[in-house]
Asker: 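Let me begin by handing over the structure; questions about it come next.
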Amino acid sequence: MAEVITKVHYHGNCWCGMYRFELLTSEITSGVECTCRQCRKKGYRWLPVSDNDFTVVRDDGSLAEFDSGVLVDKFCKQCGNGVTGRHSSGPLRGQLLININLIMELDPFKVGHTTVDTEEAKQDLAPLPAADPPAVQIQDRQVRADNCSFCSRLAYVGSYEPKDVVRVHGKENTFECQRKAQVGKLKMAASALCKTCGVHMFANIYGPPLSFLDKVAPERLSLVMDSYVQNMNMQPISVRVFDDVDMSTVKVDYDHCGTEGYALDD
C-alpha cells in the first residue's frame with residue numbers, strides 16, 4: 001500500500017503584510033541554509049517548492065529584486081523581508097525557494113536546518129577609510145536573537161555596542177522600517193536596510209524623549225536615567241553583515257518572546 005502523505009496548509013507574509021502567500025506541503029520540520037553571501041547576510045532558511053504548492057494571496061507591488069550573481073531574491077521594499085529566491089548555481093540551482101522564516105505557523109527556534117555550499121566569486125569592495133582596530137571582537141561577545149514577529153522574519157542576530165566603537169558608512173543608502181518600536185506618534189527606533197539588496201544592517205535609536213522622564217517616580221529616576229543614557233548611546237548592529245564573522249562560533253542568547261499581539265490588517 002502506498003504511503004499517504006498528509007499535506008499541511010501554511011500561511012506566510014512579509015512583516016508589513018503587503019505580500020502574503022499560502023503553502024500546501026508536507027509538514028515543515030527543517031529548512032535549507034545556503035552559504036552564499038546573500039543567504040548568509042539575510043539569514044535565509046529555504047524550502048524548495050513547486051509552483052502548484054505555492055499561492056500568492058496578496059501582492060501590493062512592494063517587492064524589489066536583487067541579483068547577487070548566484071541568487072536572485074525578492075524582498076519587500078517597505079519592511080525588508082526576503083520572500084522568494086532562485087539560485088543560478090549550486091545545489092539549489094533553478095528551484096523556487098520560499099523563505100520559511102515568514103511562515104506564521106512556524107517558530108524559527110524550533111525548526112531544524114541543513115546546510116548546502118554554493119561557490120561564488122570573491123566580492124571586490126572599495127576599502128573603507130583607515131581606522132583604529134575595532135574595540136570589540138564579535139566572537140568574544142554574547143549577542144541576542146528573539147523570535148518576535150519582526151526579528152524572526154529578518155533572522156536578526158544583534159550586537160548592541162556603544163556608538164563610539166561603531167562606524168557606519170553609507171547611511172544614505174538605507175531605508176527604514178519602523179516596525180513596532182513606536183509609541184503613539186513618537187518614533188522610538190527603526191531598522192535600517194540596504195535599498196539595493198534589502199540586507200538588514202543596523203538600527204537607529206530615536207527615543208524615548210527626555211519628556212518621558214517627567215512621569216517617572218522620583219525614587220526610580222536615577223535608575224531610569226542610567227538606562228535612558230545607555231539606550232541613547234547604543235548602536236545595534238546585525239552580526240550577519242560581517243563577512244569575517246563565522247556565525248557558528250558566535251554565542252547567541254535566544255529570547256523566546258514570541259509573536260503574541262502580532263496581527264495583520266485586512
Side-chain angles (χ1 to χ4, degrees), residues 2-15 17-77 79-123 147 152-157 193-194 196-200 240-241 243 246-248:
E3 182 182 358
V4 177
I5 299 177
T6 302
K7 290 198 171 184
V8 182
H9 192 187
Y10 292 102
H11 305 79
N13 58 274
C14 66
W15 182 81
M18 295 185 71
Y19 187 89
R20 309 180 192 186
F21 61 88
E22 295 179 355
L23 279 178
L24 187 61
T25 185
S26 55
E27 183 182 5
I28 301 172
T29 59
S30 181
V32 181
E33 295 185 357
C34 168
T35 60
C36 78
R37 279 189 300 271
Q38 187 72 343
C39 287
R40 285 189 291 105
K41 289 179 185 294
K42 288 194 168 184
Y44 278 138
R45 191 169 290 183
W46 295 120
L47 178 72
V49 299
S50 70
D51 291 328
N52 294 332
D53 295 334
F54 175 66
T55 304
V56 177
V57 296
R58 177 169 175 174
D59 184 353
D60 292 348
S62 68
L63 295 190
E65 185 175 284
F66 177 73
D67 186 349
S68 71
V70 298
L71 171 71
V72 176
D73 68 324
K74 295 183 179 181
F75 65 93
C76 177
K77 293 179 290 187
C79 64
N81 290 174
V83 181
T84 64
R86 286 187 191 270
H87 284 80
S88 57
S89 63
L92 299 174
R93 178 179 179 178
Q95 299 181 74
L96 172 60
L97 305 171
I98 305 301
N99 180 16
I100 64 173
N101 292 329
L102 274 58
I103 293 179
M104 298 281 276
E105 292 84 1
L106 298 181
D107 181 343
F109 289 173
K110 298 179 180 179
V111 177
H113 73 274
T114 57
T115 303
V116 298
D117 293 322
T118 299
E119 294 184 3
E120 61 185 324
K122 185 177 179 180
Q123 194 173 28
N147 58 356
S152 63
R153 282 170 166 75
L154 290 172
Y156 176 61
V157 179
L193 304 100
C194 176
T196 302
C197 64
V199 169
H200 185 201
R240 293 188 184 277
V241 303
D243 288 327
D246 180 354
M247 291 299 296
S248 67

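Atom set for the values below is all heavy atoms of this structure, side chains included, hydrogens, waters and symmetry mates excluded.
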Asker: Which heavy atom of Ile103 sits nearest to which heavy atom of Ile28, and what is that distance?
Answerer: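 Scanning both residues, the minimum pair turns out to be CD1-CD1, 3.7 Å.
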Asker: Of the non-hydrogen atoms in Val83 and Trp46, which two are nearest, and what is the gap between them?
Answerer: O-CZ3, 4.1 Å
Asker: Looking at every heavy atom in both Val70 and Cys36, which two are closest together, and how far apart are they?
Answerer: CG2-CB, 3.8 Å
Asker: Could you tell me whether the side chain of Asn99 and the main chain of Gly82 form a donor-acceptor pair under 3.5 Å?
Answerer: yes
Asker: Compare every heavy atom of Arg240 with every heavy atom of Arg40, then report the nearest pair and how far apart it is.
Answerer: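 The pair with the smallest heavy-atom distance is O-CD, 3.5 Å.
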Asker: Quick one, Phe66 with Phe75, criterion ring pair (Phe, Tyr, Trp, His ring centres under 6.0 Å). Give me CA distance, side-chain angles, the key distance, then yes/no.
Answerer: CA-CA 8 Å; Phe66 177 73; Phe75 65 93; 7.7 Å; no
Asker: Testing Leu106, Ile100, Thr114, Ile98 for side chain to side chain contact (heavy atoms under 4.5 Å, CB included) with Arg45, which one passes?
Answerer: Ile100
Asker: Considering only heavy atoms from C-beta outward, does the side chain of Cys34 approach that of Val116 to under 4.5 Å?
Answerer: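 Cys34 vs Val116: side chains touch.
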Asker: Main chain of Leu71, side chain of Gln38: is a donor-acceptor contact present, judged purely on distance under 3.5 Å?
Answerer: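 It does not hold such a pair.
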Asker: Can you check whether Val241's main-chain N or O pairs, donor with acceptor, with Lys41's side chain at less than 3.5 Å?
Answerer: yes
Asker: Would you please say whether a donor-acceptor pair under 3.5 Å links the side chains of Ser50 and Asn52?
Answerer: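 The criterion, which ignores hydrogens and geometry beyond distance, is not satisfied for Asn52 and Ser50.
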Asker: By side-chain hydrogen bond (donor to acceptor under 3.5 Å, both in side chains), which residues pair with Glu65, not counting sequence neighbours?
Answerer: none
Asker: Whether the side chain of Glu119 engages the backbone of Gly90 through a donor-acceptor N/O pair (distance < 3.5 Å, no angle test) should be reported.
Answerer: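 No; zero donor-acceptor contacts below 3.5 Å.
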Asker: On a heavy-atom basis, which atom in Asn101 and which in Gly43 lie closest, and how many Å separate them?
Answerer: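 Looking at all heavy atoms of both residues, the closest pair is ND2-O, 3.0 Å.
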Asker: Could you tell me whether a side-chain N or O of Thr35 sits under 3.5 Å from a main-chain N or O of Thr118, the two making a donor and an acceptor?
Answerer: yes
Asker: Does any non-hydrogen side-chain atom of Lys7 lie less than 4.5 Å from one of Asp53?
Answerer: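 They are in contact (side-chain heavy atoms under 4.5 Å apart), so the answer is yes.
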Asker: Not counting sequence neighbours, list each pair that qualifies as a side chain to side chain donor-acceptor pair (under 3.5 Å) and has a residue in residues 80-98.
Answerer: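 Applying side chain to side chain donor-acceptor pair (under 3.5 Å) to every pair that reaches into residues 80-98, excluding sequence neighbours, yields nothing.
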Asker: Is the shortest side-chain heavy-atom distance between Tyr19 and Cys14 below 4.5 Å?
Answerer: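 Answer yes - side chains close enough.
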Asker: Is any side-chain heavy atom of Asp73 closer than 4.5 Å to a side-chain heavy atom of Tyr44?
Answerer: yes
Asker: Strictly distance-based, threshold 3.5 Å: is any side-chain N or O of Arg153 a donor or acceptor partner for the main-chain N or O of Asn13?
Answerer: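 Side chain of Arg153 to backbone of Asn13: a pair is present.
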Asker: Any side-chain to backbone donor/acceptor pair from Asp107 onto Phe109? Under 3.5 Å, distance only.
Answerer: yes
